[in-house]
There are 2 protein chains.
Amino acid sequence: MENHRSYCAINLGLEVFGDKWSLIIIRGIMFEGKRHFRELLQSDEKIASNILTDRLAMLEREGIITKEGDPEHKQKIIYSLTQKGIDLLPILTQVVVWSFKYMPIDIEVNRHAKMVAEGGNEMQEAIKQQLRKEHLKS
Amino acid sequence: MENHRSYCAINLGLEVFGDKWSLIIIRGIMFEGKRHFRELLQSDEKIASNILTDRLAMLEREGIITKEGDPEHKQKIIYSLTQKGIDLLPILTQVVVWSFKYMPIDIEVNRHAKMVAEGGNEMQEAIKQQLRKEHLKS
DNA sequence: TGCAACCAGTTGCATTTTACAATTAAACAT
DNA sequence: ATGTTTAATTGTAAAATGCAACTGGTTGCA
């Protein structure tokens, strides 16, 4: 049996990704095409390798990502999003929209984010479809 | 000068509300009509009073809430959302939508959340308008 | 075959944050 | 006057995070 702080919808979501790193990792996989540990380690925010290990395990446990060996490179591991992970896109998108309105955004650094934020629902659906193609094996 | 981990839009948002408590507090003010310290302390998730104090100060510093003395009760303090705080509604809404799809939601506990999640854009606009009326003095 | 570089972590330890419980000072109600 | 309510504060233990070094295997290349 799992132990939740409460069964409020907002809380249940926050229990999974309500921390400083989880959505940063999802961003890397979702928007920056990162699929390997080493790539995710290289973010501007400088996540520590033990924290990255911990969060990847948690995200896998929660069914948001999957891991598998890279058939081309026996020492590499490929991280993929599940549908549950892909469905975090609307949350990420709204974070971007809010930050564009209120935070000191570097427009150059956030070209792609700006596109997502301004692209509306059709842009999101296009991205989701692309992600399904690249991440879901079925 | 502020010290940001990075100037990525997603990161800048997470630096403000990317933790286990900030959005729980916003939820209390936004959806449960809580305006006093004591009310916010009474959530199901049982936030500790020192953490609540800390987060309220942070949210005020970030311009997401304001505090003012209650004219009716000199020992009470009223917490209000700013427009920046009200604009967190779409993020909260998407968290609710995601949790309804993937987490073990207690439907009874989340009647209001379900309404928000299913209400679409017009529902959100109605809520925003109501919040502006109750929280913004202008 | 030998060797350096690469990969996904792991380990140990210091620092920071959070949790928990008790306490406080001012304001208020009776 | 006295007890209650309010928004906190304080002290301390526990947990999470940050940091740097290290590991055991893999790969590319000479």
Side-chain angles (χ1 to χ4, degrees), chain A residues 2-6 11 14-26 28-29 32-62 64-81, chain B residues 2-6 11 14-26 28-29 32-62 64-81:
Chain A
E2 284 161 75
N3 196 21
H4 294 292
R5 294 195 301 190
S6 82
N11 177 61
L14 293 180
E15 282 186 12
V16 176
F17 50 76
D19 69 87
K20 291 260 184 279
W21 291 114
S22 298
L23 291 182
I24 291 290
I25 294 168
I26 299 299
I29 303 177
E32 299 166 5
K34 295 179 177 177
R35 304 295 291 268
H36 300 294
F37 190 92
R38 187 67 33 168
E39 294 172 318
L40 290 166
L41 209 52
Q42 238 103 46
S43 66
D44 287 345
E45 294 85 11
K46 303 200 195 310
I47 186 169
S49 62
N50 53 346
I51 307 292
L52 180 56
T53 299
D54 177 86
R55 288 305 188 285
L56 287 170
M58 181 276 288
L59 290 170
E60 193 191 7
R61 214 165 47 236
E62 294 288 342
I64 287 169
I65 63 173
T66 57
K67 50 188 289 191
E68 55 179 327
D70 187 331
E72 321 266 305
H73 270 254
K74 278 196 183 114
Q75 70 181 311
K76 283 191 183 176
I77 286 177
I78 300 179
Y79 293 96
S80 303
L81 293 168
Chain B
E2 285 161 73
N3 197 22
H4 294 292
R5 294 195 302 189
S6 83
N11 178 62
L14 293 181
E15 282 186 11
V16 176
F17 50 76
D19 70 87
K20 291 259 184 281
W21 290 114
S22 298
L23 291 183
I24 291 290
I25 295 168
I26 299 299
I29 303 177
E32 299 164 6
K34 295 179 179 180
R35 306 295 291 268
H36 299 294
F37 190 91
R38 185 67 33 168
E39 294 173 318
L40 290 166
L41 209 53
Q42 237 102 46
S43 66
D44 286 346
E45 294 85 10
K46 304 204 194 307
I47 186 169
S49 63
N50 53 346
I51 306 292
L52 180 55
T53 299
D54 178 86
R55 288 305 187 286
L56 287 170
M58 181 275 287
L59 290 169
E60 193 192 7
R61 212 164 49 235
E62 293 289 342
I64 288 170
I65 62 172
T66 56
K67 51 188 290 192
E68 54 178 327
D70 187 330
E72 322 266 304
H73 279 256
K74 275 191 186 120
Q75 70 181 313
K76 285 190 183 177
I77 287 177
I78 299 179
Y79 293 97
S80 303
L81 293 167

Phosphate OP1/OP2 of [N]: any [X] side-chain N/O under 4.0 Å:
{"X": "A:Lys76", "N": "D:dG25", "result": "no"}
{"X": "A:Trp21", "N": "D:dG18", "result": "yes"}
{"X": "B:Arg38", "N": "D:dA8", "result": "no"}
{"X": "A:His36", "N": "C:dA8", "result": "yes"}
{"X": "A:Lys67", "N": "C:dG9", "result": "yes"}

What is the distance from [atom1] of [X] to [atom2] of [N], rounded to the nearest Å?
{"X": "B:Arg55", "N": "D:dA7", "atom1": "CZ", "atom2": "C1'", "value": "17 Å"}
{"X": "A:Asp70", "N": "D:dT26", "atom1": "CG", "atom2": "P", "value": "14 Å"}
{"X": "A:Asn50", "N": "D:dA20", "atom1": "CG", "atom2": "C1'", "value": "10 Å"}
{"X": "A:Ile77", "N": "D:dT26", "atom1": "CD1", "atom2": "P", "value": "12 Å"}
{"X": "B:Leu52", "N": "D:dT10", "atom1": "CG", "atom2": "C1'", "value": "16 Å"}
{"X": "A:Gln42", "N": "C:dC7", "atom1": "CD", "atom2": "C1'", "value": "12 Å"}
{"X": "A:Glu72", "N": "D:dG28", "atom1": "CD", "atom2": "P", "value": "11 Å"}
{"X": "B:Asp19", "N": "D:dT17", "atom1": "CG", "atom2": "C1'", "value": "14 Å"}

Using modelled atom types only, decide if a donor and an acceptor are shared between the side chain of [X] and the backbone of [Y] within a distance under 3.5 Å.
{"X": "B:Glu62", "Y": "B:Met58", "answer": "no"}
{"X": "A:Asp44", "Y": "B:Ser6", "answer": "no"}
{"X": "B:His36", "Y": "B:Tyr79", "answer": "no"}

The side chain of B:His73 is closest to which nucleotide in this list: C:dA29, D:dG18, D:dA8?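 Nucleotide nearest to B:His73's side chain: C:dA29.
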Among C:dC28, D:dT9, D:dG28, the nucleotide that comes nearest once only the side chain of B:Lys74 is considered: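 Looking only at side-chain atoms, B:Lys74 lies closest to C:dC28.
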Is A:Asp54 touching bases, backbone alone, or none of the nucleic acid, heavy atoms closer than 4.0 Å?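 Since no nucleic acid heavy atom lies under 4.0 Å of A:Asp54, the category is nothing.
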Hey, does B:Lys46 reach any base, or is it just sugar-phosphate, or nothing, if we go heavy atoms under 4.0 Å?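 Result for B:Lys46 = nothing.
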Would you name the heavy atoms of B:Leu52 and B:Phe37 that are closest together and state the gap between them?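 That would be CD2-O, 3.6 Å.
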Nearest heavy-atom pair of B:Glu15 and A:Lys20: which atoms, and what distance?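 Answer, listing the atom of B:Glu15 first, then A:Lys20: O-NZ, 3.3 Å.
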Would you say the base of D:dT9 and the side-chain of B:Thr53 have a donor-acceptor pair closer than 3.5 Å?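 It does not, because no donor-acceptor pair links the side chain of B:Thr53 to the base of D:dT9 below 3.5 Å.
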